[in-house]
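Since the structure comes first, as structure tokens, the remarks are kept for the end.
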Amino acid sequence: GASVLLLRACLALLASPVYLLSFLGMWEPFCRKVFFPFILDKICVIHDKKSKKHKQELFRNLPDFRGPSGELRLLEIGTGSGSNFQFYPAGCRVTCTDINPNFQESLSKNMKKNEHLHYERFLVAAGEDLAQVPSGSVDAVVCTLVLCSVRSVSSTLGEVLRVLRPGGAFYFLEHVAAEPSSWRYFWQQVCYPTWKLVFAGCCLTRELWKNLEEAKFSELKIQHISMAMPWMPIEPHIVGYGVK
């Protein structure tokens with residue numbers, strides 16, 4: 001415990017300009033509009049390379065969840081730059097949501113690269129409040145690297161289940177807490193406060209598999225995987241899907 005507190009203090013000292021800007025109320029607007037979209041775009045390039053085979057396997061059965069009309073209506077929570085578009089099947093009707101509307105440039109690029117999809121609309125909305133989406137109106141919901149930063153995981157999963165039609169599926173790929181007795185967990189504890197501040201509320205130590213197991217999915221498939229990210233404490237991940 002003492003070691004964690006000491007190292008946290010050292011890390012906070014290194015990040016003191018960010019803490020100062022946060023104290024002055026200047027960091028959050030700068031982070032949302034400039035820093036986070038920029039740095040997330042860079043991180044996504046690395047993460048996409050590491051996760052490509054996992055995403056290909058994860059989304060392989062998306063066509064199985066087409067609705068009675070034969071179309072696949074998909075809602076993505078936390079679309080960001082749209083890095084998942086490449087994995088969606090042709091003709092898929094996509095509704096994008098994100099609490100941060102400042103990803104326009106990279107999002108537009110990915111939309112142009114993936115013209116096999118139909119883009120329905122973009123909603124500025126938090127995962128915990130998808131009131132603009134009617135209940136039971138989508139066949140699939142996708143959420144990748146988002147549950148780490150929502151204010152309430154249980155409320156977000158409640159909204160997922162509400163907007164899904166019966167028999168629809170929720171797909172996820174998220175970084176999670178490491179094994180409590182491991183060095184990875186130790187460093188997650190050290191980095192936690194500064195990481196959360198710098199990366200727009202991202203929490204390193206959430207045991208998201210527990211939230212998913214507590215949600216009311218009729219079927220749930222979860223796989224724990226390791227995805228090495230250079231100099232980042234986000235190696236442990238879970239991937240899978242749940243059926244309403």
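What you see is a predicted model, and the numbers here were worked out from it, not measured in a lab.
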- Query: Would Y171 and L58 count as a side-chain contact (heavy atoms from CB on, under 4.5 Å) if you check the C-alpha gap in whole Å, the side-chain angles of each, and the deciding distance to 0.1 Å?
  - Reply: CA-CA 8 Å; Y171 289 80; L58 173 64; 3.6 Å; yes
Given 3.5 Å as the limit, does a donor-acceptor pair link the side chain of [X] with the main chain of [Y], or not?
X	Y	result
E28	G25	no
E120	T95	no
S182	Y185	yes
D139	R73	yes
T97	E76	yes
S22	Y19	no
R8	T194	no
W27	L197	yes
E128	R151	yes

- Task: Answer yes if the ring centres of H237 and H47 are under 6.0 angstrom apart, and no otherwise.
- Result: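 Between H47 and H237, which both carry aromatic rings, the centre distance is below 6.0 Å.
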- Task: Give a yes or no on whether the ring-centroid distance for W195 and Y192 is below 6.0 angstrom.
- Result: no
Looking at every non-hydrogen atom in both residues, tell me the closest pair between [X] and [Y] and how far apart they are.
X	Y	value
G91	H118	O-CD2, 3.4 Å
R32	N100	O-ND2, 2.9 Å
K244	S218	C-OG, 3.6 Å
L62	A140	CD2-CB, 3.8 Å
D41	S106	OD1-CB, 3.9 Å
L130	A125	CD2-CB, 4.3 Å

- Message: One thing to verify: whether E71 and R93 come together as a salt bridge, which I'm taking to mean a side-chain N less than 4.0 angstrom from a carboxylate O.
- Response: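 Salt bridge flag = yes for E71 with R93.
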- Do NZ/NE/NH1/NH2 and the carboxylate oxygens of K210 and E213 come within less than 4.0 Å?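 Salt bridge flag = no for E213 with K210.
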- Item | Donor on one side chain, acceptor on other, E235 and S226, under 3.5 Å | yes
- Task: Calculate, to the nearest 0.5 Å, the distance between atoms NZ and OG belonging to K196 and S149 respectively.
- Result: 10.0 Å
- Task: Give a yes or no on this: more than 12 heavy atoms of other residues, nucleotides or ligands lie within 6.0 Å of atom CZ of R165.
- Result: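 Above 12, so yes.
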- Could you tell me whether Q104 atom CD has more than 12 heavy atoms of other residues or ligands within 6.0 Å of it? yes
- Note on the structure: Checking F87, F170, Y88 against V142 for side-chain contact (heavy atoms from CB on, under 4.5 Å), the one that qualifies is Y88
- Message: The test is side-chain contact (heavy atoms from CB on, under 4.5 Å); show your working for N211 and T156 and say whether it passes.
- Response: CA-CA 10 Å; N211 299 97; T156 301; over 6 Å; no
- Check the pair V150, I77 against side-chain contact (heavy atoms from CB on, under 4.5 Å), reporting the backbone distance first and the verdict last. CA-CA 10 Å; V150 297; I77 299 174; 5.7 Å; no
- Does the side-chain contact (heavy atoms from CB on, under 4.5 Å) test come out yes or no for R206 and L147, once each step is laid out? CA-CA 9 Å; R206 286 184 174 174; L147 293 179; 5.6 Å; no
